[in-house]
Each structure stands twice: as structure tokens, then as C-alpha cells.
There are 2 protein chains.
Amino acid sequence: MVQIPKPPAPESLAPRSVPTSADVARLAGVSRATVSYVLNNTSAVRISEPTRRRVHQAARELGYVPHAAARSLRAGHSRTVLMPAPSFPVGPLYSRFIGELQWALGRLDYTVVQYGTVGRHDDEAARCWAELRPVAVLVPGSGLGPRGVDVLKRSGARAVVTLGPEAVEGAHALLMDHETVGHAAARHLYDRGRRRIGVVVPAENGLELFSAPRLTGARRAVRDTDATVTELPLAYEERGAARLAARWGSLGLDAVFAYNDEYAMLLMRALQDEGLGIPGDAAVIGADDLMLGRLLRPRLSTVHLEMPSGRDLAALVDRAVHDPGAAPERHTVLGAAVVHRESS
Amino acid sequence: MVQIPKPPAPESLAPRSVPTSADVARLAGVSRATVSYVLNNTSAVRISEPTRRRVHQAARELGYVPHAAARSLRAGHSRTVLMPAPSFPVGPLYSRFIGELQWALGRLDYTVVQYGTVGRHDDEAARCWAELRPVAVLVPGSGLGPRGVDVLKRSGARAVVTLGPEAVEGAHALLMDHETVGHAAARHLYDRGRRRIGVVVPAENGLELFSAPRLTGARRAVRDTDATVTELPLAYEERGAARLAARWGSLGLDAVFAYNDEYAMLLMRALQDEGLGIPGDAAVIGADDLMLGRLLRPRLSTVHLEMPSGRDLAALVDRAVHDPGAAPERHTVLGAAVVHRESS
DNA sequence: TTGAAAGCGCTACCAT
DNA sequence: ATGGTAGCGCTTTCAA
């Protein structure tokens with residue numbers, strides 16, 4: 001075979017090109033196959049100890065690092081689990097969940113990759129993700145439709161799991177039913193004798209995913225009763241809260257479910273600054289059961305959320321990867337339990 | 001050339017194998033080259049309109065998605081910017097920073113990938129990252145040493161940027177000097193006449209990266225004065241705070257820098273519950289300038305942090321990628337400015 | 001305007 | 001025990 005001479009590599013200019021397994025093989029005086037066997041500890045083949053050492057030595061010397069793309073291209077699959085990076089301001093609950101999940105998937109030898117998609121949606125985003133050929137895709141929120149799921153599956157994803165308000169055709173679903181949260185909150189206020197209930201809806205973008213169902217749940221809780229639910233748009237800043245507090249009297253409300261503990265703190269402070277008594281003039285309940293609720297005076301009632309356990313979700317992913325044909329699982333997670341303190 | 005017949009593909013069993021550009025070519029009745037030209041809008045070559053349509057049609061029909069690994073293998077480079085996923089509980093400041101950065105890098109046509117490394121450190125982590133052959137690596141914290149940087153560069157990373165307390169040989173550095181934060185806080189307390197200053201150090205894991213320099217900075221601020229700095233370990237939970245507050249008198253302190261606003265809130269509440277007056281009996285200052293500080297009574301003094309702008313960092317990355325040979329840049333970011341409110 | 005083919009780095013099969 | 005080599009999916013040069 002004729003070796004076509006490469007153009008003289010500008011070794012002096014280029015920052016020493018990246019070493020490949022062929023370079024390791026050359027330096028160790030063995031074949032690329034042997035290098036692969038040694039570095040992957042292939043058990044089907046036995047390599048003599050001296051050879052192993054030579055290979056390892058050469059690899060270290062060159063600073064050789066295998067090329068993941070080449071490897072998974074050859075293998076025909078990867079162990080990458082892909083999640084879109086969250087585009088909304090994430091709270092402590094969610095960060096902890098992500099952390100746990102990464103740890104648990106890591107234990108199962110998967111690699112979690114959070115992919116920053118800059119505002120593409122559904123199909124378009126799904127196609128971006130599919131290009132990476134992940135073995136599984138975890139999608140929080142509702143940025144994915146049935147067509148997106150289809151794109152991912154056709155591209156080889158063996159499991160697609162959504163974490164959100166509703167299930168998507170073809171994908172496993174962890175149903176995080178935020179309606180329950182609003183329902184529990186409003187129900188609690190009703191049970192404590194309140195009849196004119198305000199529900200804070202954050203003005204911030206990206207939160208309607210959670211706030212809308214919470215509002216809906218609250219409405220549902222008082223349907224067919226004499227109580228009313230009033231939507232209260234509120235941005236997370238002091239002035240807006242002060243304005244809302246100033247017209248509190250004219251709203252004629254006696255209670256408020258404040259979306260979550262942070263908005264509750266914001267609103268409660270504004271109400272107190274207006275001279276209103278909590279819970280006398282207005283009962284307040286938050287959600288998420290953050291530490292700060294316990295530190296407020298009066299102590300903030302809240303809805304405690306049970307996030308899905310990272311371990312369980314990791315197990316679900318692993319199951320789905322092993323048996324991609326299985327019927328999609330549906331799990332309702334996010335248990336909502338009212339924690340009654342002093343503000344309601 | 002002899003076509004070796006493939007074994008009969010079990011099309012009925014397998015979940016219809018993933019379509020490749022060859023499949024598209026076959027369906028469209030053209031060559032793979034043509035498919036590539038069409039789908040990449042290659043300008044160097046002109047493809048007739050009817051052919052283009054046929055190719056697009058075929059691609060859509062098959063649900064074809066290009067294989068990123070194969071593409072970047074062939075291209076010899078990627079536009080992936082890799083960051084390790086944070087392993088500590090991230091606050092709103094950091095999330096916003098990440099979000100901005102992703103957006104800004106997206107605008108420059110980079111793809112941000114947060115890679116979940118489960119507690120591997122330095123070299124080992126660096127090798128994992130290097131396997132992905134990212135064009136640039138952004139490392140927050142101090143999980144990377146000079147050898148790690150070297151591994152990354154040898155594997156083809158054209159830019160390595162650290163965000164942390166100190167610069168690393170060979171890498172660009174965004175110096176987030178948390179000492180300044182502690183210094184500003186302690187200096188402020190000193191200027192307001194306080195002489196026995198406590199500094200809260202969170203017991204939580206992963207935070208010492210920030211807390212240690214903040215403490216050091218506080219010590220430095222009162223060196224060569226008559227003031228003292230006392231380290232106050234504190235876990236983020238009520239009981240610990242109550243215990244600390246209970247022995248407050250015996251500590252003989254008149255002020256405290258509480259690591260950040262959240263710990264400040266925790267401690268302030270405990271002190272108030274002990275009947276201590278703020279700032280009378282104890283001046284309190286936090287850091288991070290979170291919303292909650294403004295909502296406390298008395299309003300919380302704090303140290304406002306100016307995080308690096310996502311756009312600037314994206315620009316730095318882009319510059320470094322274009323000119324990998326350039327000398328590492330050092331930038332001190334994280335301006336610290338005391339915001340004096342009522343608690344100090 | 002289109003096609004044939006080489007080759008990116010790697011692993012696994014089949015020889016030796 | 002080790003080596004030769006095909007081929008994963010893609011792009012791109014060269015030839016037609």
C-alpha cells in the first residue's frame with residue numbers, strides 16, 4: 001500500500017497536536033488494538049504485564065485522553081443522560097434535586113449533561129438534544145411535545161422522561177402536580193374560616209409553569225363553596241408588593257396564598273408595613289417550606305413539597321434504558337402537605 | 001466494488017434503527033455528499049432546487065438528525081464549552097450568572113454543557129472533561145490545578161478559564177476575591193465603632209471555598225487594630241443558631257459578619273428571640289444583597305457583590321478560542337460594596 | 001451539478 | 001499474547 005506523505009506537520013507552530021491511541025501504540029511499540037485492550041481493561045483478552053506497563057507508561061507520557069465522541073461513535077451508544085439546563089431561576093429545592101439525581105445516575109455509571117438550549121422550543125430543542133445521541137433525556141417543565149419525544153426516540157434515546165404538570169405521549173412521566181399545592185393551600189385557608197382568598201401569581205417569566213396550576217388548584221379547592229379566589233399578579237420587588245398592600249383594603253380579601261415562601265415573605269412584609277395584622281387581617285400561606293418561613297414572625301404557614309427522590313428517578317431511567325419497549329410509567333410525585341404555623 | 005450483503009436487518013424487531021445521512025441519500029436518490037451539502041447549506045457548491053427539496057423531504061420523512069459526535073470527529077473540533085455542574089447549593093446570584101453566560105455564549109454559537117462530575121477532583125475530573133474535547137472549559141471554584149489545566153490543553157481545549165479565588169498556571173482567571181467581601185464587611189463594622197467582631201463560617205460542605213477567604217479578609221481588615229475577629233461555625237438550621245445566640249453574652253461580641261444574607265437572617269432571628277437588640281447589642285451584616293435582607297426588620301446591612309457579566313466572560317472565552325496562544329488574562333471581578341441599612 | 005472515497009479516533013472481530 | 005483491519009456517521013477534496 002502506498003503511503004501518501006502528509007504535508008509536513010508544522011509541529012513547531014501547532015500546539016503539539018492531540019495524541020491519539022495510535023501515538024500511544026507507536027511509543028509503546030505495540031498495535032492500537034493492544035492499547036485499546038490495555039486501557040479498557042478488556043477482560044476477554046489477556047495482555048502480558050510488561051506490555052501493560054509499557055502502554056500505560058506511554059499513555060501517561062503523552063497525556064493521552066481517549067476521545068469520547070470516537071468511542072461512542074464506534075460503540076453505537078453512549079451513557080449520557082441529557083437534561084436541558086433550567087431557564088428559570090431555580091430554588092434550593094430544585095438544585096438539591098438535580099444534585100441528588102446526578103449523584104444517583106453517576107452511581108449507575110451514567111453521565112449527566114445539562115445542555116444549555118437558548119430558548120428553542122419543542123421540536124427544535126429536541127433536535128438539538130438528539131444530535132448528542134443521549135441514551136436518555138430528562139425534561140423538566142413542559143417544553144416537550146409528542147413530536148419532540150418522537151424525534152428523540154427515533155434518534156436512539158432509549159428513555160424520555162418528563163417532569164412536569166402533564167404526561168406526554170410516548171414518554172415516561174413524573175407528574176409534578178402543582179395543582180395539588182394550590183388546592184392544599186386554599187383548602188387550608190378555607191378550613192380556617194377564610195372566604196375571600198387572594199392567590200399571588202408571579203410576574204416573572206418562566207414561572208407560569210408552576211404558578212398557573214397552583215392558581216387552578218386553588219380555584220378548584222373552593223369551587224361550589226361560598227369562597228372566592230382572586231388572582232394577584234406580583235413581581236418580585238418591594239415596590240410592587242407595597243402597591244398591592246396599599247390597595248389591600250379595597251380588595252376585600254382576608255387571606256392569601258402567596259405562590260411560595262419567598263413571595264409570601266415579600267407580601268407579608270408589605271402588609272405588615274401597611275399596619276395590617278397577620279393572620280388577623282390577612283392569613284398568609286406560602287409554599288416550598290423554605291427555611292426562611294420558620295424565621296419570619298409570625299412564623300409562615302406553608303405547603304411542604306416532597307420532591308421526587310434522585311435515587312428513584314435514576315432507577316426509573318435505568319429501568320427504561322434496559323427495557324425501552326416497556327409501557328411508559330406514570331408517577332405522581334410532589335406530595336403536598338400543609339405545614340400550619342402562625343401566619344394562617 | 002463488491003457489495004458485501006449485510007445480514008438481514010431485523011427491521012421488525014429492532015425499534016427501527018436510527019437513520020443516517022446514507023439513508024436520507026438513498027431515499028432521495030442522491031449521494032451522501034449531496035445530502036451533506038444540502039443540509040449544511042454549503043455555499044461552496046450549488047445544488048439544484050429540485051434536489052434540495054428531495055433531500056429535505058427525505059430527511060424530514062425519516063426524522064433524520066445529524067450525529068454530533070460523528071460530525072465533530074470529522075471536523076476535528078467542536079464548539080462545546082464545558083462547565084462542571086456546581087456541587088454546592090447554588091444561590092440566585094450564581095444561577096443568574098450561569099443563565100446569562102449560557103445565553104451570551106449561545107449568541108456566539110457555542111454550546112454550553114454542564115457536566116456532572118460526581119466528586120472526582122483535579123486531574124481525574126479534568127480527564128473526564130477532556131474526553132469530550134470541549135473547545136473551552138470554564139471551571140468555577142478551585143477544583144483544578146496546573147496539571148488539570150495541562151491535561152485539558154493537551155486534549156485540545158483552546159481556552160481554560162477558572163472562576164475562583166486564585167489564578168492557576170496556564171489558565172485564564174476570573175479572580176473572584178472573596179477576601180474583599182470579608183474585608184469590606186469587617187471594615188464597615190469597625191468603622192461603626194465595633195471592636196469584637198464575630199464571623200459566621202457555614203458548617204455546610206462545599207461552602208468553605210467562599211467562607212474561608214471571607215474570614216481571612218475580615219481578619220485582615222482588623223489586623224493592627226484593637227479589634228478582634230472570632231470565628232463562629234454555624235450550620236444552616238434553627239437549633240444551631242439558637243445555641244449560638246444563647247451563648248452570645250459569654251462570647252462578648254458586639255458585631256457579626258454572617259457569611260451571607262441567609263445566614264444573617266438565621267442568626268439575627270435567633271439573637272432577636274434571645275431578646276438582643278439589633279444593632280444595639282449586636283450589629284449584623286450579611287453579604288450577597290439578596291432581596292430578603294431588605295425585608296427584614298431591622299433592614300439588613302449587606303455586602304453587594306458584582307458578579308462578572310455573562311457577556312464579558314463569553315467574550316473572553318471567544319477571544320481565547322480565537323487566539324489560544326495569547327498570555328492568560330487575569331481579571332479581578334466581584335466588586336464588593338457595603339450597603340448600609342439598619343442592622344449595623 | 002453530483003458522486004466516489006478517504007479518513008477523523010476508536011473498538012472488536014478474526015488471524016496469527 | 002498480539003496485530004491487522006473493518007467500520008461507526010460524517011464532511012470534503014477531487015474527479016467526472
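Basis for what follows: all heavy atoms, side chains included, without hydrogens, waters or symmetry-related copies. Residue numbering restarts at 1 for every chain, and letters A, B, ... go by the order of the sequence lines.
Positionally, the nearest nucleotide of DNA chain C for Ala69(A) lies more toward the 5' end than for the other of Ala69(A) and Thr42(A). Between Thr34(A) and Ala33(B), the one whose closest nucleotide on DNA chain C sits nearer the 5' end is Ala33(B).
Atom CD of Glu166(A) has 12 or fewer neighbouring heavy atoms from other residues, nucleotides or ligands inside a 6.0 Å radius. For Arg311(A), the CZ atom sits in a loose shell: 12 or fewer heavy atoms of surrounding residues, nucleotides or ligands are nearer than 6.0 Å. Within a 6.0 Å sphere centred on CZ of Arg319(A), other residues, nucleotides and ligands contribute more than 12 heavy atoms.
Following rounding to the nearest Å, Arg52(A) (CZ) and dA1(D) (P) show an atom-to-atom distance of 11 Å. The distance between atom CG of Leu73(B) and atom C1' of dT12(D), rounded to the nearest whole Å, is 14 Å. Atom CG of Asn40(A) and atom P of dA12(C) are 7 Å apart (whole Å). Atom CZ in Arg133(A) sits roughly 12 Å away from atom C1' in dC8(D) (whole-Å rounding). Spacing between atom NE2 of His67(A) and atom P of dC8(D) amounts to 18 Å, rounded to whole angstrom units. Going from atom CG of Leu39(B) over to atom P of dT11(D) covers 8 Å, rounded to whole Å. If you take CD of Glu49(A) and C1' of dT2(D), they are 15 Å apart, rounded to a whole angstrom. For Arg26(B) and dG3(C), the CZ to C1' distance is 15 Å, given to the nearest whole Å.
Comparing atom distances between the Arg71(B) side chain and each of dT11(C), dT11(D), dC13(C) picks out dT11(D) as nearest. Each of dT2(C), dA1(D), dC8(D) was ranked by its minimum atom distance to the side chain of Ile47(B); first place goes to dT2(C). Nearest nucleotide to the Ala70(A) side chain, out of dT2(C), dA12(C), dG9(C): dG9(C). Taking every side-chain heavy atom of Tyr37(A) into account, dA12(C) is the closest of dG9(C), dA6(C), dA12(C).
Distances shown here put every side-chain N or O of Thr20(B) at or beyond 4.0 Å from the OP1 or OP2 atom of dG9(D). Between Thr51(A) and dA1(D), a side-chain N or O to OP1/OP2 separation shorter than 4.0 Å is absent.
Note on Ser72(B): nothing from the nucleic acid sits closer than 4.0 angstrom, heavy atoms only. Within the nucleic acid shown, Ser48(B) comes within 4.0 Å of sugar-phosphate atoms alone, with no base atom in reach, counting heavy atoms only. Val30(A) comes within 4.0 angstrom of the backbone, heavy atoms only, and of no base.
Side-chain contact between Val55(B) and Ile47(B) is absent, with no heavy-atom pair separated by less than 4.5 Å. Between Val18(A) and His67(A) the shortest side-chain heavy-atom distance does not fall below 4.5 Å.
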